[in-house]
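Below is one structure, written out as structure tokens; comments come after it.
No hydrogens, no waters, no symmetry mates; every other heavy atom, side chains included, goes into these values. Numbers here are sequence positions counted from 1.
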Amino acid sequence: MAFSVSDVGDVAAALRGTVLQGHPVREGLGGTLLVDDVDPAQLLQAWRAAYSVMPVTGRWPVFTVPGGLHHEPEPEELAELELAAQTLDPWSVYRRHRGDEPQDPSEIEYYVEAFLGSAEVPRALEQLAGPVTEKDVQRWTYDTLLADPPLADRAFSGSEYLVGTSRWQTWPEVQLVLLPTASPWLAPAWLSYHGATRPGGPPAWAAAMLRWHQRWGAALVASWGTVLQFVTERRPQPGQEAWELAGQLLALGGNLECEQWQLAIALTRSDEWFLHDRP
């Protein structure tokens, strides 16, 4: 594994000159270091401060609730998780088991009228004639919206919360965990996420985060057990890129409770994501 600073004093010194200057730093479970007394209202500002000194500390910062660390991994476990992240296909584990039921014309009419308005129903029934699934109807809806930006804005209105930080979960008390790795996809070695509580879930979660990190610059900011929060460096292009990414996020965030086309539109308009999966 790459180096990580283990001395509490050295990490505190690295944080001087940032908003985390003077915050207590102490040892945590599994080689982690914890930064205490962070104001939850300054979560993203504090995370960016810890991220900015990562070249010095070698530690990836992630927020949790106090006591949110659940495991103390051995070096062999970390090596196995890294290998899985590099080689595993996460979408063989995380699949959306929906959208394959044949849709009759009345279902298509109801869906299109609800989201696009009655004026779009005749075109939908003409273009979606024959055996189609719910997934087909959703993709037709997305392609129709991409071709008509004003219609897309109307259909998307009220769905802005799917991205950005306005709906990021907050807690009265938080802890900033400095993981002993610079690889955010290894966070499942220390942290848990309800969406990963399935056979092969944690390694596939790691593999998904690695792929998002490589393609979109996705950086894990917080892990609250049922919610994950990310900032990104790149946005997908409208069309297939955004559609595929939306499907991936919905596969891990089973309680986002939105249409795939809504999330696909949202992902092209923001640099912050969140996932939600609860019992």
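Contact of the P61 side chain with the Y51 side chain is registered, since non-hydrogen atoms from C-beta on lie closer than 4.5 Å. Here the side chains of R167 and F274 are in contact, with some heavy-atom distance below 4.5 Å. Side-chain contact between V174 and V65 is absent, with no heavy atoms from C-beta onward closer than 4.5 Å. Two residues are said to be in side-chain contact when any heavy atoms from C-beta on lie closer than 4.5 Å; T144 and T141 fail this criterion. With a 4.5 Å cut-off on side-chain heavy atoms, W190 and T181 count as touching. Residues W212 and F230 meet the side-chain proximity criterion, which asks for heavy atoms closer than 4.5 Å. Considering only heavy atoms from C-beta on, W273 comes within 4.5 Å of L249 through its side chain. Contact of the P180 side chain with the R59 side chain is registered, since non-hydrogen atoms from C-beta on lie closer than 4.5 Å.
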### Task
Would you check, one step at a time, whether the test side-chain contact (heavy atoms from CB on, under 4.5 Å) holds for T170 with L43?
CA-CA 9 Å; T170 57; L43 184 144; 5.9 Å; no
Checklist entry - After noting the C-alpha distance and the side-chain angles of V19 and D39, does the key distance pass the side-chain contact (heavy atoms from CB on, under 4.5 Å) rule? => result CA-CA 10 Å; V19 296; D39 182 354; over 6 Å; no
side-chain hydrogen bond (donor to acceptor under 3.5 Å, both in side chains) between H194 and D277, worked out:
CA-CA 6 Å; H194 184 264; D277 195 280; 2.8 Å; yes
Open item on the list: Between Q240 and R139, does the side-chain hydrogen bond (donor to acceptor under 3.5 Å, both in side chains) criterion hold? Intermediate values first, please.
Closed with: CA-CA 10 Å; Q240 188 62 22; R139 183 57 197 252; 2.7 Å; yes
### Message
Evaluate H276 against Q169 for side-chain hydrogen bond (donor to acceptor under 3.5 Å, both in side chains), listing each step before the verdict.
### Response
CA-CA 10 Å; H276 184 203; Q169 191 167 356; 5.9 Å; no
(message) Walk me through whether E272 and T165 qualify under side-chain hydrogen bond (donor to acceptor under 3.5 Å, both in side chains).
(response) CA-CA 7 Å; E272 298 90 21; T165 61; 5.4 Å; no
Q.
Checking K135 against E101 for the side-chain contact (heavy atoms from CB on, under 4.5 Å) test, could you report, in this order, the C-alpha distance in whole Å, the side-chain angles of both residues, the deciding distance, and whether it holds?
A. CA-CA 9 Å; K135 186 184 300 182; E101 298 287 328; over 6 Å; no
TODO: Before giving the answer on side-chain contact (heavy atoms from CB on, under 4.5 Å), spell out for L275 and N255 the whole-Å C-alpha distance, their side-chain angles and the decisive distance to 0.1 Å.
DONE: CA-CA 8 Å; L275 301 183; N255 291 107; over 6 Å; no
Show, in sequence, the C-alpha distance, side-chain angles and deciding distance for E241 and R235, and conclude whether the salt bridge (charged side-chain N to carboxylate O under 4.0 Å, His left out) test is met. CA-CA 9 Å; E241 280 190 356; R235 300 179 186 181; over 6 Å; no
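Other residues, nucleotides and ligands contribute more than 12 heavy atoms inside 6.0 Å of the OH atom of Y161. Taking a 6.0 Å sphere around CD of E244, one finds it holds more than 12 heavy atoms contributed by other residues, nucleotides or ligands. Within a 6.0 Å radius of CD in Q214, more than 12 heavy atoms belonging to other residues, nucleotides or ligands are found. More than 12 heavy atoms of other shown residues, nucleotides or ligands fall within 6.0 angstrom of atom CZ in R234.
Applying the salt bridge (charged side-chain N to carboxylate O under 4.0 Å, His left out) rule to D153 yields the partners R269; only residues at least two apart in sequence or on another chain are considered. Judged as a salt bridge (charged side-chain N to carboxylate O under 4.0 Å, His left out), and not counting sequence neighbours, E160 has no contacts.
Judged by distance alone, the side chains of R48 and Q42 never bring a donor and an acceptor atom under 3.5 Å apart. Remark: the E113 side chain and the S118 side chain contain no N/O donor-acceptor pair separated by less than 3.5 Å. In the model, E82 has a side-chain atom that pairs as donor or acceptor with a side-chain atom of Q86 under 3.5 Å.
Each of E259, Q262, Q260 was scored for a side chain to side chain donor-acceptor pair (under 3.5 Å) with Q138, with one residue passing: E259.
Linking ILVMFWY side-chain heavy atoms closer than 4.5 Å, directly or via other members, places V56 and V25 in two distinct hydrophobic clusters. V93 and L83 end up in different hydrophobic clusters when Ile, Leu, Val, Met, Phe, Trp and Tyr side chains are linked at under 4.5 Å. Note: the hydrophobic cluster containing L88 does not contain L220 (ILVMFWY, side chain heavy atoms under 4.5 Å, direct or indirect links).
Here the closest non-hydrogen pair linking S223 and V62 is N-CG2, 3.9 Å. Closest non-hydrogen pair, T268 versus P236, comes out as CG2-O, 3.3 Å. Contact detail for V177 and T64: the closest heavy-atom pair is CG2-OG1, 3.7 Å. Listed here is the closest heavy atom pair of L81 and P203: CD1-CA, 3.8 Å. A pairwise comparison of heavy atoms in L15 and A50 identifies CD2-CA, 4.3 Å as the closest pair. Among all heavy-atom pairs drawn from S270 and V163, the shortest one is CB-CG2, 3.3 Å.
Salt bridge annotation for E120-R123: present, with a cationic side-chain nitrogen under 4.0 angstrom from a carboxylate oxygen. A salt bridge links E257 and R278; the closest N-O separation between the charged side-chain nitrogens and carboxylate oxygens is under 4.0 Å.
Here the side chain of Q21 pairs a donor or acceptor atom with the backbone of G17 at under 3.5 angstrom. In this structure a side-chain-to-backbone donor-acceptor pair under 3.5 Å is present from S52 to A49.
We find the CZ-CG distance between R211 and L245 to be 14.0 Å, quoted to the nearest 0.5 Å. The structure places CG of L267 at 8.5 Å from CG of L162, a figure rounded to the nearest 0.5 Å. Of the inter-residue distances, the one linking T232 atom OG1 with W216 atom CH2 reads 9.5 Å to the nearest 0.5 angstrom. For the atom pair H213 NE2 and W185 CH2, the distance stands at 5.0 Å (nearest 0.5 Å). With rounding to the nearest 0.5 Å, the separation of CD in Q175 from CG in L69 is 5.5 Å. Between L33 atom CG and L176 atom CG the span is 10.0 Å, to the nearest 0.5 Å.
The aromatic rings of W205 and Y193 sit tilted relative to each other, their planes meeting at an angle between 30° and 60°. The aromatic rings of F63 and W224 lie tilted to each other, with the angle between the two planes from 30° to 60°.
The other members of the hydrophobic cluster of L146, by chain and number, are I108, Y111, V112, F115, L116, V121, L125, L128, V132, V137, W140, Y142, L145, L151, F156, W243, W261, I265 (side-chain heavy atoms under 4.5 Å, ILVMFWY only).
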